[in-house]
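Worth saying up front: this structure is predicted, and the values here are computed from it rather than measured. Basis for what follows: all heavy atoms, side chains included, without hydrogens, waters or symmetry-related copies. Indexing begins at 1, ligand by ligand and atom by atom, following the structure's order.
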Amino acid sequence: MSESHAKSETIVVAADRLTAFVASIFEHKGSSADEAAAVAFGLVDANLTGHDSHGAIRTPRYVSWVDSGRVRPGQGLSVASDGGSIVVADGNFGFGQVVAPQAMDLGIERARRHGLAAVAVRDSGHMGRIGTWAEKVVAEGLAFISFVNVRSSLLVAPFGGVERRMSTAPLTIGVPTGDDHPIILDFATSAVAEGKALVALRGGKKLPPEVLIGADGQRTADPRVLYGDVPLDKVPNPMDGPGALRAFGEHKGSGLSFLLEILAGALTGAGCAGPLPRKYANNMLAIFIEPSRFQPGDRFLQEVHSYIAFFKSSKPEEQGGHVLMPGDKERIMRADRMANGVPMAGDAWAELAATARKAGLSEPEIEAALVR
Ligand code: NAD
């Protein structure tokens, strides 16, 4: 039956079943139960918040990374240099879904002690949706800023250029609100995250116009510019296509992306996206801020709330529309998908099922993921 989902038909999978299914693939690939659960949590959390680009669709690629040694099961964060409020740490090419929360725990502890802390993480596996980790920090009442790059992942052309010079380098800023509606701004500095092109390539949501640029300098929405033509039994590689993603926000976004490469790549010591052949890694400079060290009592939260109310009171552009805060969309989506399940394009499910089969899961185990 899994094969029959192979075309563009969308299926819906319950979040808990999808999490258990993805975890069991990683357990079959040699991860401990805890590690497999952490990876599956991170991936499915991206699905739940509407970022399918960073969700279960990434499983085949992560598995291929385990096979090639790009990611090492059983590894985690280790401190390379400890200056109290400034820590430089190695991810040891462990899963980003293990390394990132460890880095967050460290930063939270140091910010509580010093009021302000910075944790530089180099050589982590892919950390997925960075907002997941920002939410963890903000839930502790801290503000958070992170600059992330992807070393050796040349995907994005700079403003005015055609050839790839940058990674999709995401910027993430989180602010506590004292309630369960935190502000989480979290986006790739490419016009779209690479995974959104992957979703489009595999029959999911189409890309907006002109987010890619061909080698001929023509702007396009065709994801094959990034991947080339990829048969279903091959894991798509965004390094294979002749073109590039474009930076978001024209010259401003391109400049921001350049600086993310510097802060996440040069300041952490990990290195920027290119040009040397370097081992693939997510690198992060994360800053943790204890608001009460800046403003006494509730003064910060009071100002945040009054400014949110003022911001949202702007007359909507469209009749019946709403001004959303960063993080609103993800929270609304999470409530919906927790209740109604996670939709997956048929092609993406077929690829996930094929990965599970190859990892050693039985047909009944694969079919069990689809029971609602
Ligand atoms: P996106 O374009 O969907 O933007 C998301 C941000 O915009 C969120 O903060 C969201 O709350 C806000 N937003 C969305 N719609 C809004 C609206 N109508 N009004 C106000 N705010 C709104 O994000 P993206 O660029 O596609 O990135 C997706 C994910 O990819 C992110 O979670 C990012 O961390 C992740 N990513 C990770 C890596 C990595 O190397 N690990 C690289 C690139 C991107």
So which atom in N47 and which in A56 form the shortest heavy-atom distance, rounded to 0.1 Å? OD1-N, 2.8 Å
Judged on heavy-atom distance to atom 8 (C) of ligand 1, which of M333, E330, K329 sits nearest? E330
Strictly inside 4.0 angstrom of atom 22 (C) of ligand 1, do you find any protein heavy atom? no
Side-chain donor-acceptor pair present, D45, T132, cut-off under 3.5 Å: yes
Can you check whether H54 has an N/O within less than 3.5 Å of an N/O in ligand 1? yes
Give the intermediate values and the outcome of salt bridge (Lys or Arg N to Asp or Glu O under 4.0 Å) for residues R110 and D82. CA-CA 11 Å; R110 297 306 168 96; D82 192 340; 2.7 Å; yes
Should the pair W65 and Y280 be assigned to parallel (<30°), tilted (30 to 60°) or perpendicular (>60°) ring geometry? tilted
Around atom 40 (O) of ligand 1, find the nearest protein heavy atom and jot down its residue, atom name and distance. N282 ND2, 2.9 Å
Donor-acceptor side-chain pairing of T189 and S257 below 3.5 angstrom: yes
Do any nitrogen or oxygen atoms of I130 lie less than 3.5 angstrom from nitrogen or oxygen atoms of ligand 1? yes
Answer yes if the side chains of E35 and S32 hold a donor-acceptor pair under 3.5 Å, and no otherwise. no
Quick one: which of T172, L171, I262 gives a side-chain contact (heavy atoms from CB on, under 4.5 Å) with F147? L171
Contact bool for atom 31 (C) of ligand 1 (protein heavy atom, d < 4.0 Å): yes
Keeping D52 on the side-chain end and I57 on the backbone end, is there a donor-acceptor pair under 3.5 Å? no
Of all the atoms in ligand 1, which lie at a distance below 4.0 Å from a heavy atom belonging to A188? 24 (P), 25 (O), 27 (O), 43 (C), 44 (C)
Among non-hydrogen protein atoms, atom 24 (P) of ligand 1 lies closest to K196 NZ, 3.6 Å
Numbered in order shown, the ligand 1 atoms found under 4.0 Å of a heavy atom of G327 are 11 (O)
Taking 4.0 angstrom as the limit and counting only heavy atoms of L185, give me the atoms of ligand 1 inside it, by number and element. 9 (O)
Regarding ligand 1, does G128 bring an N or O atom to under 3.5 Å of one of the ligand's N or O atoms? yes
Look at the aromatic rings of Y62 and H126 and report parallel, tilted or perpendicular, splitting at 30° and 60°. perpendicular
Closer than 4.0 Å to some heavy atom of I184 - which atoms of ligand 1 meet that? 9 (O), 11 (O)
Among protein heavy atoms, which sits nearest to atom 28 (C) of ligand 1, and what does the distance come to when rounded to 0.1 Å? H51 ND1, 3.4 Å
When you measure from the heavy atoms of V150 to every atom of ligand 1, does any distance fall below 4.0 Å? yes
Pull out every atom of ligand 1 sitting under 4.0 Å from any heavy atom of D186, numbered as shown with elements. 4 (O), 5 (C), 6 (C), 8 (C), 9 (O), 23 (O), 31 (C), 32 (O), 33 (C), 34 (O)
Which atoms of ligand 1 sit under 4.0 Å from any heavy atom of P326? 11 (O)
May I ask you to decide whether E194 forms a salt bridge with R61, counting only side-chain N to carboxylate O separations under 4.0 Å? yes
